[in-house]
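Have a look at the structure below before the remarks.
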2 protein chains.
Amino acid sequence: MSAAEETPGGEDMPWGEVTPEAARRLLVAAVEAFAERGYHATTTRDIAGRAGMSPAALYIHYKTKEELLHRISRIGHDKALEILRAAADGDGTAAERLADAVRSFVRWHAERHTTARVVQYELDALGPEHRAEIVELRRQSDATVRGVIDEGVAAGEFDVPDVAGTTVAVLSLCIDVSRWFNAQGRRSPDEVGALYADLVLRMVGAQK
Amino acid sequence: MSAAEETPGGEDMPWGEVTPEAARRLLVAAVEAFAERGYHATTTRDIAGRAGMSPAALYIHYKTKEELLHRISRIGHDKALEILRAAADGDGTAAERLADAVRSFVRWHAERHTTARVVQYELDALGPEHRAEIVELRRQSDATVRGVIDEGVAAGEFDVPDVAGTTVAVLSLCIDVSRWFNAQGRRSPDEVGALYADLVLRMVGAQK
DNA sequence: TCCGTCTCTAAGCGCTTGCTCACCCTCGTT
DNA sequence: AACGAGGGTGAGCAAGCGCTTAGAGACGGA
């Protein structure tokens, strides 16, 4: 992680790598608008307006509206993959690492559900090359989770008849959090993360 | 179920209740287009073209493009709820009924993933009143699944610390099948249904 | 035969869209 | 003081949008 993504205090600063500041403001505005209305229902005038700029200003920093979506999608997927890998490559048993991965992955999808919604559900709005690039990142996410489950099975920790299918289900479950999660709801991101980690351990038949 | 929805052979005839035939052709075309590109990216000309008609023909059968989406959404949700209730109100233990519900619900989301994708992911494109109507149907789906889990817990069949949260997770898991399922993929709708029924039984801690 | 009804089309209206262009303002450098 | 570079704007273009309208053709009943 680059220094630009962290404040001096060390807390996470999203979109810190996007410069200059005007480009970042536009990108944050686009994330909000895309998450609320969807990519196709969002106009470039709406994005520029939210960022406090004229419609033409957008095209100084981004070539097209689709490039904006691609930047958002790319950064978001990189972050999601980084979170999964940090947990998967950590110490501990396969069960501990899987629970860790699910907990942090779900927490991210809940906490930053605005971004996650765009990242996960607006994939089809990308052009062919950009979409292919993102699909490859997803393949890596899948491989990361499958690896932990494989290790758990090999170590006798898990009981999983269908590793590939279970991997898809686990990732699907986590990703869909961004669709239904509501910040005003009863549950905090931490609570949902803990619940889901428990559910996934049950899915893979980890002994408690 | 009305007679119009079934062929003489008894097999399921989707959109059978939509008449006249031209209106049904338009609706089927709209489902395909909405599923492929999303509601906002689909033009009325595209829908009419797929149905082999002129753009103006659409407005003989539907007042607006949004009404088309509403009809699709309404019929789809009715069908989904009917499937869930048929399983939940059946005979057998809570575990059997929950497995049955998940199996048939998932099978529907896989088999008819085109429709399901529109029904489940284009909710926000509806106007306020139409959206409220659909949200109410979803509440009933949630209540149906929650009921079965509650009964399983009461009967000592299940071990579920958080019934509300687990219900959301189960439904979310099933619904998201429509996003990733691919007819050309390796798995049949039946196989995915069986896998998911097993996974859900594990999630609720049903003894095998 | 004439009429009213229903389904559908060709043409197009008013508006919004993504995006461009000519121009201006604010800088740090010389 | 003069300058070049880069970030910003107001106005607007071509294209495409959802939807309407005038009228054509088919058809059943009086």
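Hydrogens, waters and symmetry mates are skipped; everything else that's a heavy atom, side chains included, is used. Protein chains get the first letters and strands the later ones, always in sequence-line order, with residue 1 at the start of each.
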Just the rounded figure in Å: distance from [atom2] of [N] to [atom1] of [X].
X        : N       : atom1 : atom2 : result
Met53(B) : dT7(C)  : CE    : P     : 10 Å
Glu21(B) : dT7(C)  : CD    : C1'   : 13 Å
Arg24(B) : dT7(C)  : CZ    : C1'   : 16 Å
Tyr59(B) : dC17(D) : OH    : C1'   : 9 Å
Leu58(A) : dT20(C) : CG    : C1'   : 13 Å
Tyr62(A) : dG8(D)  : OH    : P     : 11 Å
His40(B) : dT16(C) : NE2   : P     : 16 Å
Arg25(A) : dG8(D)  : CZ    : C1'   : 11 Å

Problem - Residue mapping more 5' on DNA chain C - nearest nucleotide basis, Ala41(A) or Ile60(B) - result: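 Upstream on the strand: Ile60(B).
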Thinking salt bridges, do [X] and [Y] make one under a 4.0 Å N-O criterion?
X         : Y         : value
Asp162(B) : Arg187(A) : yes
Arg97(B)  : Asp100(B) : no
Glu136(B) : Arg139(B) : yes
Arg85(B)  : Asp89(B)  : no

[X] has a side chain; which of [options] sits nearest to it?
X        : options                   : answer
Ala56(B) : dT17(C), dT21(D), dC19(D) : dT21(D)
Arg45(A) : dC19(D), dT7(C), dT17(C)  : dT17(C)
Thr44(B) : dC8(C), dC19(D), dT9(C)   : dC19(D)
Pro55(A) : dC19(C), dC19(D), dC8(C)  : dC19(C)
Thr43(A) : dG8(D), dC8(C), dT17(C)   : dT17(C)

Handout entry: Other residues, nucleotides, ligands: >12 heavy atoms within 6.0 Å of Asn182(B) CG
Key =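 Yes, CG of Asn182(B) has more than 12 neighbouring heavy atoms, counting only those of other groups under 6.0 Å.
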Practice task
Assign each of Ser54(A) and Lys65(B) to its nearest nucleotide of DNA chain D by heavy atoms, then name whichever residue's nucleotide is nearer the 5' end.
Solution key: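 This one resolves to Ser54(A).
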Exercise for the section: Verify the contact: side-chain N or O of His61(B) to OP1 or OP2 of dC8(C), cut-off strictly under 4.0 Å; return yes or no. Expected result: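 For His61(B), the contact criterion (side-chain N or O under 4.0 Å from OP1 or OP2 of dC8(C)) is met.
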